[in-house]
Amino acid sequence: MANEDKDGYVPSAVEEKWQRLWEERGVNAFTREELENAEDPFYNLMMFPYPSAEGLHVGNIYAFTGADVHGRYHRLRGRTVFEPIGFDAFGIHSENFALKIGSHPMDLIPSNVRNFTRQLRRIGGMFDWNHSVDTTDPTYYRWTQWLFLQLFNAGLAERKEAPVNWCPSCMTVLANEQVIAGECERCSTAVEQRRIAQWFFTITRYAQRLLDNLEHLDWSETTRKAQSNWIGRSTGAQLRFPVVDRDGNATGAEVEVYTTRPDTVFGATYIVLSPEHPLVDKVTNKGMLAPVQAYVDMATRKDLVARQKADRKKTGVSTGGFCRNPATGQLIPIWIADYVLMEYGTGAIMAVPGHDTRDFEFAQAFDLPVVRVVAGPDADADTPLEEAYTGPGRLVNSGEFDGVDVSESVEKVTAWAAENGWGDAKINFRLHDWCISRQRYWGPPIPVVYCDTCGPVGVPEADLPVVLPRVEDFKPDDSGISPLARVEEWYRTTCPNCGAEARRETDVSDTFLDSGWYFIRYPSTDFDDRPFDSAITKKWLPVNTYIGGNEHAVLHLLYSRFLTMVLKDLGHLDFEEPYNVFRAHGLIIADGAKMSKSKGNVIVPDPIIEEFGADTFRTYLMFLGPFEEGGDYRPQGIQGPYGFLHRLWDTVVSAKTGGPDPDVERKVHQTIRQVTEQIPALGYNTAIAAMMECLNVIRAGGREAVRAEVEPLVVMIAPFAPHMAEELWERLGHAGSIFDGANWPEFDEAKAVESSVQVAVQVNGKLRATITVAKDAPEDVVVGAAREEENVIRHLEGLQERRVIHVPGRLVNFVVG
RNA sequence: GCCGAGGUGGCGGAACGGUAGACGCGGCGGCCUCAAAAGCCGCUGUCCGCAAGGGCGUGCGGGUUCGAAUCCCGCCCUCGGCACCA
């Protein structure tokens, strides 16, 4: 669109110009030498996107813009800011989409990446395109495989057959983290159990350290809490119950149980084994073999949805076998039930129906005895139990421990069990080992070779990458093995150890392994002979600020912490926490719901950027609400920031020379203070509001601005509207990019102070007048002035004055009665 | 059930325990225009009142305080996460 007025603001022209100049001048790109020699480095990281075929959505742009504002702010303050972006392009998403449209991920991903790159440039992110990564590029996943080998060689990668979550629709194993309430997180299909040999990273060995470090991290509270819950530390005891024959004689076997309430052991009236428990066969009475077998078959086949429904009726079967309760000496029956999970604790529990709601339900269903061993304030040893009692109280029916308060009973009973050799204190974690095997095509092959004589052998580093071959038939099938297992010429190889015929691992690794270390790679992409350069890594890592979605609170953020710790322990890194600061951004809501295709409330960004420009769109998104809380997207709302940027432009291009008006200058400095405080704290919405207010003062009554009044505003708006700020900066006569050099305005307290203040006058806490007094007027002057207000006089009339409260610069409150 | 974040005008949202509703959207009125758009100016929580002014107002019920959206106690509701974890 032609604009006859050369001084008019035409966003598309300005944005096209500056995107081109940034590119040509390398304003945002680093050379290797620049990275090596950077002064005051600031690593500004945002979660890299999965390059979907649909392109960037508003949620992506919101997150990237918020992170970009942060980076640009620090750059304007003089830091050397490295702000890379890349593509997390392996995984089921891409593979399924390719299958759906009959394409191949190797064709699809590059075109998606091109589209994303175009969009990311268009929104004006300060990205260093010299240091991008694409996880599907062999020059990247070569080092993902290297990373696997580090863990493999350190004994942190274990191959074990395990019951795994199997998605019958995606035809793959899912990590526990990818199972949402018993359903596949991608397709919501009910998940089943299968047993397959898998590679696991033993993250559980790091559970305590992962938990402990959380204390010191400057992270969003919600993220820390989510991670701590996920790790799920619990303290209790492991108790051993001897298995006895029908005459009560010890068989030598014992059932070990984990409990957080060892103090209730006197109330343990039966034992429950998980259906997968190794002792099931041993303890089952001959007469019960058939029903036990039937139950175990049913339970182990049953999908995890039904099995994990907490509100489901309890099922189970008696084994006919017995244990001796080591506390009471009584014989108690052994049952099998699927409410006990093999993956947690020991896979067996002592059931205390009197004081555990699940055990109570089970006891009701199967008519098992319920014994009270804790009495609350209104109960005694004989008070019947209508439901499980889990509150405070003292032990009863517990032998020598009768009367002991539950606050100290756990410790005492555990000590007693330990003295007598049937129990020990024990800490348990909810966290499971990380299954990284995927029986899929679209991922980095796990770099292992199986040799009949040598067993699993890691591929030598010199032979990396193990390149993923182009396979036209990559559709997974029900066999439970990877599509690569159908490509004989690929998997046939020789053992790197002994040279004998051998077979490659045909599983690929989890995408969370790709994304678990990408931030370490970014600064080192200039090196193709090492995963990361130690000097550059020392200079740039750990990350200064990481901004991303809280949906990754327990997956990506935990795995990348774990991998960083491992690399530290193996001597590759000298830090063990990857992100000094993490901030979770909020979600963009449209029509009362999170944007999603299924809800049909997705907003496509491209036409909005087309119409209003990237600067307006960015400013609007940041103006919606507090960045960490998200906001409600309303199409009309963009008019506000649109008009604001236009007025700012008009004001700046027509600004005169000369000294600033003192009142306006005061407002400008108050704004500098506010914006300088709020931007690093991610208070973007209020920072923008402050600038709008400031511009309203500058333009009040149609007055014309002078340069000194508007120049600070041009710099402060730059993180939000970088193109426009560059253009105005140039028009104000500056050479070079506004982002090169510490151009952030200095706040001057002396210029911000008001000479007079408005003081509220209250009578009994109710506002009755407002007076204007000199800033440092003494109390008697202020109170005197307040007392003379007509409306105040009326409200004081005939009443006894008891107190006068004076808050300087704020209010005067007459307390009367 | 557990953990976390919230609940303020018609709407998005502001408010160190100190003038609730900044800023913006929308709405109403006006200026400009042949007209419209854009732009500019003013008004806009609610009720009573011609006005001056007053009453009521931050999910609900109590409390602390000269003063509470803000702090404390007890509830209700919404959103996000976890969930038979012994």
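FYI, side chains are in, hydrogens and waters are out, and symmetry mates aren't considered; it's all heavy atoms of this structure. All chains are named by letter (A, B, ...) in the order of the sequence lines, taking the proteins before the strands, and each is independently numbered beginning at 1.
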**Student:** Could I get the full list of ring-ring contact (aromatic ring centres under 6.0 Å, His included) partners for Phe266(A), not counting sequence neighbours?
**Tutor:** Trp416(A)

**Student:** Could I get a table of every N or O pair under 3.5 Å where one atom is in the protein and the other is in nucleotides 36-39 of chain B?
**Tutor:**
none

**Student:** Per the side chain to side chain donor-acceptor pair (under 3.5 Å) rule, which among Arg699(A), His646(A), Glu704(A) passes with Thr651(A)?
**Tutor:** Arg699(A)

**Student:** In terms of the nearest nucleotide of RNA chain B, which residue is placed more toward the 5' end: Gly232(A) or Phe623(A)?
**Tutor:** Phe623(A)

**Student:** In dot-bracket form, 5' to 3', how is RNA chain B paired? Count Watson-Crick and G-U wobble pairs only if both distances fall under 3.5 Å, and write | where the partner sits on another strand.
**Tutor:** (((((((..(((.....[....)))((((((.......))))))((((....))))..(((((..]....))))))))))))....

**Student:** Determine which pairs satisfy salt bridge (Lys or Arg N to Asp or Glu O under 4.0 Å) with at least one residue from residues 668-688 of chain A, sequence neighbours left out, and list them in order.
**Tutor:** Arg673(A)-Glu749(A)

**Student:** Extract from the structure each pairing of a protein N or O with an N or O of nucleotides 50-53 of chain B at less than 3.5 Å, listing the distance.
**Tutor:**
residue: G53(B); atom: O3'; partner: Asn791(A); partner atom: OD1; Å: 3.3

**Student:** Atom CD1 of Ile336(A) and atom C1' of C84(B): how far apart are they, to the nearest Å?
**Tutor:** 17 Å

**Student:** Measuring centre to centre across the rings, with the benzene-like ring taken for any Trp, is Phe362(A) within less than 6.0 Å of Trp335(A)?
**Tutor:** yes

**Student:** Using a cut-off of 4.0 Å on non-hydrogen atoms, how would the nucleic acid contact of Asn428(A) be classed: base, sugar-phosphate, or nothing?
**Tutor:** nothing

**Student:** Going by an N to O cut-off under 4.0 Å, is there a salt bridge joining Arg224(A) and Asp218(A)?
**Tutor:** no

**Student:** Give each protein N/O atom lying under 3.5 Å from an N/O atom of nucleotides 1-5 of chain B, with the pair distance.
**Tutor:**
residue: C3(B); atom: O2'; partner: Asn229(A); partner atom: ND2; Å: 3.2

**Student:** Name all pairs fulfilling the side chain to side chain donor-acceptor pair (under 3.5 Å) condition that reach into residues 256-273 of chain A, sequence neighbours left out, sorted by first residue then second.
**Tutor:** Ser234(A)-Tyr258(A), Gln238(A)-Glu256(A), Arg240(A)-Glu256(A), Arg261(A)-Asp263(A), Asp263(A)-Ser409(A)

**Student:** Could you tell me the separation between the CZ atom of Phe241(A) and the C1' atom of A86(B), rounded to a whole number of Å?
**Tutor:** 12 Å

**Student:** Distances under 3.5 Å only, N/O to N/O: pair up the protein atoms with those of nucleotides 64-67 of chain B.
**Tutor:**
residue: C66(B); atom: OP1; partner: Arg803(A); partner atom: NH1; Å: 3.2
residue: C66(B); atom: O2'; partner: Asn813(A); partner atom: ND2; Å: 3.4
residue: C66(B); atom: O2; partner: Asn813(A); partner atom: ND2; Å: 2.7

**Student:** State which residues pass side-chain contact (heavy atoms from CB on, under 4.5 Å) with Ala237(A); sequence neighbours excluded, sorted by chain then number.
**Tutor:** Leu239(A), Pro262(A), Thr414(A)

**Student:** Can you sort out the partners of Glu551(A) under salt bridge (Lys or Arg N to Asp or Glu O under 4.0 Å), two or more places apart, ordered by chain and number?
**Tutor:** none

**Student:** The side chain of Arg810(A) lies closest to which of these nucleotides: G55(B), C25(B), G18(B)?
**Tutor:** G18(B)

**Student:** Hey, are Asp650(A) and Arg647(A) close enough for a salt bridge, meaning a charged N less than 4.0 Å from a carboxylate O?
**Tutor:** no

**Student:** How would you label the contact of Glu551(A) with the nucleic acid (heavy atoms, under 4.0 Å): base, sugar-phosphate, or nothing?
**Tutor:** nothing

**Student:** So Asn696(A), base contact, sugar-phosphate only, or nothing? Heavy-atom distance under 4.0 Å.
**Tutor:** sugar-phosphate

**Student:** Does Arg561(A) count as lying over the ring of Trp219(A), i.e. NZ or CZ under 6.0 Å from the six-ring centre, within 45 degrees of the axis?
**Tutor:** yes

**Student:** Taking the six-membered ring for Trp, are Tyr642(A) and Phe612(A) parallel (under 30°), tilted (30 to 60°) or perpendicular (over 60°)?
**Tutor:** perpendicular

**Student:** Between Thr770(A) and Leu624(A), which has a closest nucleotide on RNA chain B that is more 5'?
**Tutor:** Leu624(A)

**Student:** Sort and list the pairs that fulfil side chain to side chain donor-acceptor pair (under 3.5 Å) and have at least one residue in residues 617-634 of chain A, not counting sequence neighbours.
**Tutor:** Asp68(A)-Arg618(A)

**Student:** Please name all residues satisfying side-chain contact (heavy atoms from CB on, under 4.5 Å) with Pro326(A), sequence neighbours left out, ordered by chain then number.
**Tutor:** Phe241(A), Trp422(A)

